[in-house]
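For reference, the structure discussed in these notes is given below.
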Amino acid sequence: MPNGRATDARGRTFLSRRSPLVTVMANAAYKAARGLVRDFGEVEQLQVSRKGPADFVSSSDLKAEETLVEELHRARPNFGFLLEEGGTVKGTDSSNRWIIDPLDGTTNFLHGVPHFAISIGLERDGKMFAGVVYDPLRDEIFTAETGNGAYLNAKRLRVSARAQMSDALIATGMPFKGRASHPEYPAMIEAVTDSAAGIRRFGSAALDLCYVAAGRYDGFWEFSLSPWDIAAGLIILREAGAMVSGIEGDDCMMESGDILATNGRLHEDLRHLLAEAAKTSRN
Ligand code: 2AM
Ligand code: CA
């Protein structure tokens, strides 16, 4: 990977091992994050106002998306877009498409909970090729490009080595209002609670996936996510040596939005645990 000059979120210039492509993605994320961080400070104040911060948050989200589109379009004018807020924008280059969530963890952001991220994936010929997930409050940037490994800031990422479910920390996302209902979900929570060391639900799927890649979590599952929630995370996971599948072990995460990601060693155990719980809840 060539070395180049890059600028981090605080405007510091440093010598980067990031490829030109990942540098472009990271710089777009840093730029959009400045507005989000400023607005997050406002949101914390708005909690006590009667109207609440909802409108303010949706405009912050839109502004972040505009910045990302502007920056990425300038760097790669022919690529298309799939945007959480703006839908699909066709590019003249039909093989490359950015898949973007400008604010993953919106509910956290809205409530002043400091856990959210920007997620930028690049799909090439129908497969995820590169990804950047940036948590601006911790200044943690997760990056990956096919064949070049996954990184957290400048550090190479690797999934955890835990092989026992009883030692494992498992994350999930709970079904919420308005999303397809999953009657088997409570039984799954119960089964994992009984078997694992602990369960976490932090509310940003993009960061949950990166935490599996970083070995912080040993596994993660969630239903009905959107492509922009998982696009960047998928390539970061793969490059960190994770195993990723649908919850039933299939391979259609981008279509179904159902995802199971683990350190590999625990994949079959967790898949089996979830499948058995689902079966019991149907009987
Ligand atoms: P979002 O913050 O971009 O909406 C949490 O379970 C995951 O589901 C997050 O990645 C979140 O992404 C996504 N999600 C989509 N719609 C949601 C909603 N109405 N409430 C909570 N999370 C939602
Ligand atoms: Ca999202």
Side-chain angles (χ1 to χ4, degrees), residues 25 29 32-33 35-37 39-40 43 52-69 81-88 98-121 123 128 131-138 140 142 170-182 184-186 188-189 192 199-213 216-217 219-237 244 246-247 253-261 274:
M25 296 163 79
L36 284 183
V37 169
D39 290 350
F40 185 68
V43 165
D55 291 346
F56 184 79
V57 169
S58 57
S59 87
S60 175
D61 192 352
L62 283 171
K63 268 189 301 180
E65 189 170 281
E66 274 167 30
T67 304
L68 293 169
V69 169
F81 289 89
L82 173 63
L83 304 162
E84 176 171 23
E85 304 301 332
T88 303
W98 302 112
I99 305 182
I100 294 180
D101 189 343
L103 175 55
D104 187 60
T106 319
T107 308
N108 285 340
F109 190 94
L110 179 66
H111 289 261
V113 176
H115 188 77
F116 56 85
I118 289 171
S119 174
I120 307 171
E123 185 188 60
M128 289 317 304
V132 164
V133 173
Y134 182 46
D135 169 350
L137 298 179
R138 293 185 184 87
E140 288 193 329
F142 298 88
I170 305 294
T172 184
M174 291 173 192
F176 45 79
K177 221 170 34 189
R179 200 194 267 184
S181 79
H182 293 284
E184 67 276 44
Y185 188 79
M188 291 177 159
I189 287 282
V192 177
I199 298 196
R200 295 292 180 271
R201 194 285 191 225
F202 281 2
S204 160
L207 285 175
D208 288 336
L209 298 177
C210 292
Y211 282 21
V212 174
R216 294 173 176 174
Y217 296 145
F220 166 77
W221 90 100
E222 184 162 357
F223 288 105
S224 306
L225 287 164
S226 301
W228 42 82
D229 300 321
I230 60 177
L234 282 177
I235 182 70
I236 294 167
L237 282 163
V244 188
I247 290 171
M253 297 78 71
M254 286 291 268
E255 293 76 29
S256 68
D258 301 344
I259 185 165
L260 171 64
L274 298 174

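In what follows, every heavy atom counts, from backbone to side chain, and hydrogens, waters and symmetry copies are set aside. Counting starts at 1 for both ligands and their atoms, in listed order. Quick note: residue numbers are just sequence positions, from 1. If you're wondering where the values come from, they're calculated on a predicted model, not measured in any experiment.
- Close contacts of ligand 1 with Glu222, meaning ligand atoms under 4.0 Å from a residue heavy atom, involve 5 (C), 6 (O), 7 (C), 8 (O).
- Every atom of ligand 1 is numbered from 1 in the order shown, and the set under 4.0 Å from a heavy atom of Arg201 is 5 (C), 6 (O).
- Within the listing of ligand 1, atoms 3 (O) sit less than 4.0 angstrom from a heavy atom of Asp101.
- Leu103 contributes atom CG, which lies 9.0 Å from atom OG of Ser204 (distance to the nearest 0.5 angstrom).
- Once rounded to the nearest 0.5 Å, the distance linking CG of Leu110 with CZ of Phe116 reads 12.0 Å.
- For ligand 1, the polar-atom distance check finds no N/O of Ser204 at less than 3.5 Å from any of the ligand's N/O atoms.
- Taken to the nearest 0.5 Å, the CG atom of Leu82 stands 7.5 Å off from the CE atom of Met254.
- Going from atom CD of Glu85 over to atom CH2 of Trp228 covers 8.5 Å, rounded to the nearest 0.5 Å.
- Each of Phe109, Phe202, Phe40 was evaluated against His115; a single residue qualifies, Phe202, per the ring-ring contact (aromatic ring centres under 6.0 Å, His included) test.
- Closest approach of Leu225 to Ala205, counting heavy atoms only: CD2-CB, 3.7 Å.
- No other N/O/S atom of Asp101 lies as close to the Ca ion (ligand 2) as OD2 does.
- Note that the CZ atom of Phe223 and the CD atom of Glu184 stand 4.5 Å from one another [nearest 0.5 Å].
- Within Asp104, OD1 is the N, O or S atom that lies nearest to the Ca ion (ligand 2).
- For ligand 1 and Ala205, the ligand atoms under 4.0 Å from any heavy atom of the residue are 9 (C), 10 (O).
- Ring geometry, Tyr185 versus Trp221: the interplanar angle falls from 30° to 60°, so the pair is classed tilted.
- Side-chain atoms of Asp229 come within 3.5 Å of backbone atoms of Ser226 as a donor-acceptor pair (strictly under, hydrogens ignored).
- Distances from ligand 1 to the non-hydrogen atoms of Leu103 include at least one value under 4.0 Å.
- Residue-to-ligand polar distances keep Gly173 apart from ligand 1: every N/O pair is separated by 3.5 Å or more.
- Between Leu225 and ligand 1, not a single N/O pair is under 3.5 Å apart.
- Contacts of Asp229 with ligand 1, taken as heavy-atom pairs under 4.0 Å, involve the side chain alone.
- Proximity annotation for atom 2 (O) of ligand 1: of Ser226, Gly105, Gly233, Gly105 comes nearest, heavy atoms only.
- Contact atoms of ligand 1 toward Thr107: 20 (N), 21 (C) (distance under 4.0 Å to a heavy atom of the residue).
- Distances from the Ca ion (ligand 2) show that Asp229 has an N/O/S atom below 3.0 Å.
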